[in-house]
Amino acid sequence: MRLPPSPSTAHNHPLLQLLRRCADLPSLRQVHALLITTGLALHTFPLSRLLSAASRLSAAYSLSILDRITNPTVFLFNILISSATPHHPPELALSHYLRILASGRGLPAPLLFPNSFTYPSLFKLCRTYRLLDHGHAIHAHALKFLDPPFDHFVQSSLLCFYAITGRIDIVRILFDQIEDPDLACWNSVIDAYTRCDFVNKYIGITDTVGGNSAELSSEALSLFVKMLTCGVRPNEMTAVAVIIACANSGALYQGKWIHRYILKNGLKMNVFVATALIDMYSKCGCLDLAYQLFDKMPHRDILSYNAMIGGFAIHGHGHRALELFDKMKHEGLMPDNTTFVVTLCACSHVGLVEEGRRVFRSIKEDSGIDPKMEHYGCLVDLLGRSGQLEEALETVQSMPMKPNAVLWRSLLGAARVQVNLEIGEVALKNLLQLEPEISGNYVLLSNMYAASSRWDDASRVRQSMKDHGIDKVPGMSLVEIDGTIHEFLTGDRAHPNSMEIYYKLEEINGLLQEHGHRARTRTVMFDIEEEEKEDALSYHSERLAIAFALITMEPGIPIRITKNLRVCEDCHAITKLISVIYEREIIVRDRIRFHDFKDGACSCSDHW
DNA sequence: TTAGGGTTAG
């Protein structure tokens, strides 16, 4: 009779290497049989490798192995919890965790306790599958079962979990409790600041790009500096998180700084870093720099293409986006959902209706999948913006899934621009059912009534906002001057240079009138006298930012503004004029896209 | 045995 191998030889047995290479269930069964005949299946370590391989291939098979083990240890459960895959879904991983918790109840089974290897996998699971309630409950368990302080693995995974809940306050409290945080903890907390920004934007804590965005991103950058002063060396993951923070807030100066830092300190310009940089440069208004980086990449994947096509889209370069879309396919890369979204979006921003329709049709042809909600959204936007409202409405009504709020809002926006109250009201009725608490929806409706001089209806909507305690999101603009970000709200007088700014605005307004500008007051929603409406317009946040930049910045340097809302019709018209009068290029990033104002024209060709 | 990466409709 053969004696089972000793535990030390069990760790590097050739059968374990075979296990790693098993790509299907029959070969796994064969190796399993060999493990039994050699006696290796009696040891915990080979069993853990077997379970790990089995959970990759079949949940049922891994369960059958587990059932045959008389007294499975926490170690083995941990292996199963950490192997969430399509074959080993999150519910199964959670059930393994429940078995650990229940272990003491059925005597004579030994009492098991989850350990510090159990929790990082569980938090990752909750983060990946967005199981928020489970995550909170599991955090409470960890406090009960683990001795304080938690190790860095547990703390880091906990930060990452709270990042997806949008609770940056909790992330920060947890991070501040970490003694001597390691690289992973720093990366996680910096990443959490950029991620919370995203989460907040989409779960409606704020529906702005600015606001929280600037605050959270600048805190991410401060944390990065603090990390350097603590002597922790950043890696590529840190760089990616910091670049995203710069992209979110439009902080070009800091973005360029981190780019230099990467080159100077020997961090690898891998596909993750390069893609993040491409996105950052695009979102900070430097499309040329983004393209240079993209062009120099030795290896590009789908995400790099998507980032670059997205860059062309927000800058209104529809044809260049389409060229890249074709090039990508020629290189043998299969477009994914995002590729179609950004390419359609590029068509929409310049009114390439026929090209857009073609791209939409190619979704099924190229990828074999049915268009998703976001693709229908792009199509509706494309049709609506280009004046084909009836077809846009038909698309919404005939699409195979229930239209979401974004889709109705898109249609409403188009109806407002083309003053089509009939379609606008249909869109709004549906929109308010889905999103009764979002202020922007009421503002759109109110503006639409105001545009057709239905003042009673406009003020009824405003009253209804007040009754429901819904505040209008204030317009906000950011301008970066010598690395410092200055923030302006509509009608803001809080800036230390406020007096000079308002003097400058008077000068600007005078010059605009001399150049024959008459305010387009259609976008001001209140029923007030024309003169007052002009006043309300003259203090829109981007005008304060432009005035301040004109006072402060050297002549000839482009002014870069980031806005949280869309540019209004009048601001768009006057910025074109200012670009001529003051001979300045003004680049405005609004909530959706870029406007590059130069010599009296805008890169969007007034299509936005 | 455990954690942390790039793009995405308005």
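Values below: all heavy atoms of this structure, side chains included; hydrogens, waters and symmetry mates excluded. Proteins get letters first, then strands, A, B, ... in listed order; numbering begins at 1 in each. These figures come from a predicted structure and were not determined experimentally.
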Q.
Is the phosphate of B/dG10 approached by A/H349 (side-chain N or O, under 4.0 Å from OP1 or OP2)?
A. yes

Q: Classify the nucleic acid contact of A/D381 as base, sugar-phosphate or nothing, counting any heavy atom under 4.0 Å across all strands shown.
A: sugar-phosphate

Q. Taking atom P of B/dT1 as reference, at what distance in whole Å does atom CZ of A/F113 sit?
A. 24 Å

(Q) Taking the minimum atom-to-atom distance to the side chain of A/V240, which one of B/dG5, B/dT2, B/dT1 wins? (A) B/dG5

Q.
Counting only side-chain heavy atoms from C-beta out, which of B/dT1, B/dG4, B/dG6 sits nearest to A/N78?
A. B/dT1

Q | Within the 6.0 Å centroid threshold, strictly below: A/Y119 and A/H141 | A | no

Q.
If you only use heavy atoms from C-beta on, which nucleotide in B/dG10, B/dA9, B/dA3 is closest to the side chain of A/S156?
A. B/dA3

Q: Round to the nearest Å and state the distance from A/N270 atom CG to B/dT7 atom P.
A: 13 Å

(Q) At 4.0 Å (heavy atoms only), tell me whether A/I244 reaches a base, stays on the sugar-phosphate, or touches nothing. (A) sugar-phosphate

Q) What is the distance from CD1 of A/I278 to C1' of B/dT8, rounded to the nearest Å? A) 15 Å

Q) Counting only side-chain N and O atoms of A/R195, is one of them less than 4.0 Å from OP1 or OP2 of B/dG5? A) yes

Q. Does one side chain, of A/S188 or A/D191, offer a donor that lies under 3.5 Å from an acceptor on the other?
A. no

Q.
Just to be sure I understand the rule, does A/V154 reach a base, reach only the sugar-phosphate, or reach nothing, if contact means heavy atoms closer than 4.0 Å?
A. nothing

Q: Write out all pairs satisfying salt bridge (charged side-chain N to carboxylate O under 4.0 Å, His left out) with one or both partners inside residues 379-388 of chain A, taking only residues at least two apart or from two chains.
A: A/D381-A/R385

Q: Could you pull out all residues at least two apart from A/D326 that satisfy salt bridge (charged side-chain N to carboxylate O under 4.0 Å, His left out)?
A: none

Q. Nearest-Å distance, CG (A/L76) to P (B/dT2)?
A. 13 Å

Q. Between B/dG6, B/dG10, B/dG4, which nucleotide gets closest to the side-chain atoms of A/I592?
A. B/dG10

Can you give the donor-acceptor pairs under 3.5 Å from side chains of residues 397-405 of chain A to other protein atoms, not counting sequence neighbours?
{"from": "A/S398", "atom 1": "OG", "to": "A/E394", "atom 2": "O", "distance (Å)": "2.8"}
{"from": "A/N404", "atom 1": "OD1", "to": "A/V406", "atom 2": "N", "distance (Å)": "3.3"}
{"from": "A/N404", "atom 1": "OD1", "to": "A/L407", "atom 2": "N", "distance (Å)": "3.1"}

Q: Would you mind telling me which of B/dA9, B/dG6, B/dG10 lies closest to the side-chain atoms of A/V271?
A: B/dG6

Q.
Regarding B/dG6, can its base be found pairing with the side chain of A/D301 as donor and acceptor, where the two atoms are less than 3.5 Å apart?
A. yes

Q.
Whether the side chain of A/S188 and the base of B/dG4 hold a donor-acceptor pair under 3.5 Å is what I'd like checked.
A. no

Q: Check every strand shown and say whether A/R300 touches a base, only sugar-phosphate, or nothing at a heavy-atom separation below 4.0 Å.
A: nothing

Q: Kindly point out which of B/dT7, B/dA3, B/dG10 is positioned nearest to the side chain of A/N306?
A: B/dT7

**Q.** Under-4.0 Å side-chain N/O to phosphate OP1/OP2 contact, A/R127 with B/dG5
**A.** yes

Q) Given atom CD of A/Q155 and atom P of B/dA3, what is their separation to the nearest angstrom? A) 15 Å

(Q) So A/S48, base contact, sugar-phosphate only, or nothing? Heavy-atom distance under 4.0 Å. (A) nothing

Q.
Going by ring pair (Phe, Tyr, Trp, His ring centres under 6.0 Å), name the residues that satisfy it together with A/F175, two or more places apart in sequence or in a different chain.
A. A/W186

Q: Provide, to the nearest angstrom, the distance between the CG atom belonging to A/L411 and the C1' atom belonging to B/dA9.
A: 14 Å

Q) What is the nucleic acid contact for A/S116, judged by heavy atoms within less than 4.0 Å: base, sugar-phosphate only, or nothing? A) base

Q: Using modelled atom types only, decide if a donor and an acceptor are shared between the side chain of A/N265 and the backbone of A/L267 within a distance under 3.5 Å.
A: no

Q. Which is true for A/V406 with a 4.0 Å heavy-atom rule: it touches a base, it touches only sugar-phosphate, or it touches nothing?
A. base

Q) Hey, is the side chain of A/S121 pairing donor to acceptor with the base of B/dT2 inside 3.5 Å? A) no

Q: Determine: side-chain N/O of A/R593 to OP1/OP2 of B/dG10, distance under 4.0 Å, yes or no.
A: no

Q: Quick one: label A/K283 by what it contacts on the DNA or RNA (base, sugar-phosphate, nothing), any heavy atom closer than 4.0 Å.
A: sugar-phosphate

Q. Where does the angle between the aromatic ring planes of A/F325 and A/F340 fall among parallel (under 30°), tilted (30 to 60°) and perpendicular (over 60°)?
A. perpendicular

Q. Looking at B/dT1, B/dG4, B/dG6, which one has an atom nearest to any side-chain atom of A/N235?
A. B/dG4

Q) NA contact type, A/S157, heavy-atom cut-off 4.0 Å: base, sugar-phosphate, or nothing? A) sugar-phosphate

(Q) Just to be sure I understand the rule, does A/M308 reach a base, reach only the sugar-phosphate, or reach nothing, if contact means heavy atoms closer than 4.0 Å? (A) nothing

Q. Is there a donor-acceptor contact under 3.5 Å from the side chain of A/T165 to the main chain of A/F161?
A. no

Less than 3.5 Å apart, which donor and acceptor atoms pair up between the side chains of residues 370-377 of chain A and the rest of the protein, not counting sequence neighbours?
{"from": "A/D370", "atom 1": "OD1", "to": "A/K364", "atom 2": "NZ", "distance (Å)": "2.8"}
{"from": "A/H375", "atom 1": "ND1", "to": "A/K372", "atom 2": "N", "distance (Å)": "2.9"}
{"from": "A/H375", "atom 1": "NE2", "to": "A/N337", "atom 2": "O", "distance (Å)": "3.0"}

Q) Does any residue of residues 355-363 of chain A have a heavy atom under 4.0 Å from DNA chain B, and if so, which ones, in number order? A) none

Q: Verify the contact: side-chain N or O of A/K124 to OP1 or OP2 of B/dT2, cut-off strictly under 4.0 Å; return yes or no.
A: no

Q: Rounded off to whole Å, could you give me the CZ-to-P distance for the A/F224 and B/dG4 pair?
A: 21 Å

Q) Contact class for A/T238 vs. all strands (heavy atom < 4.0 Å): base, sugar-phosphate, or nothing? A) nothing

Q: Let me know the distance between OH of A/Y119 and P of B/dT2, rounded to the nearest Å.
A: 17 Å

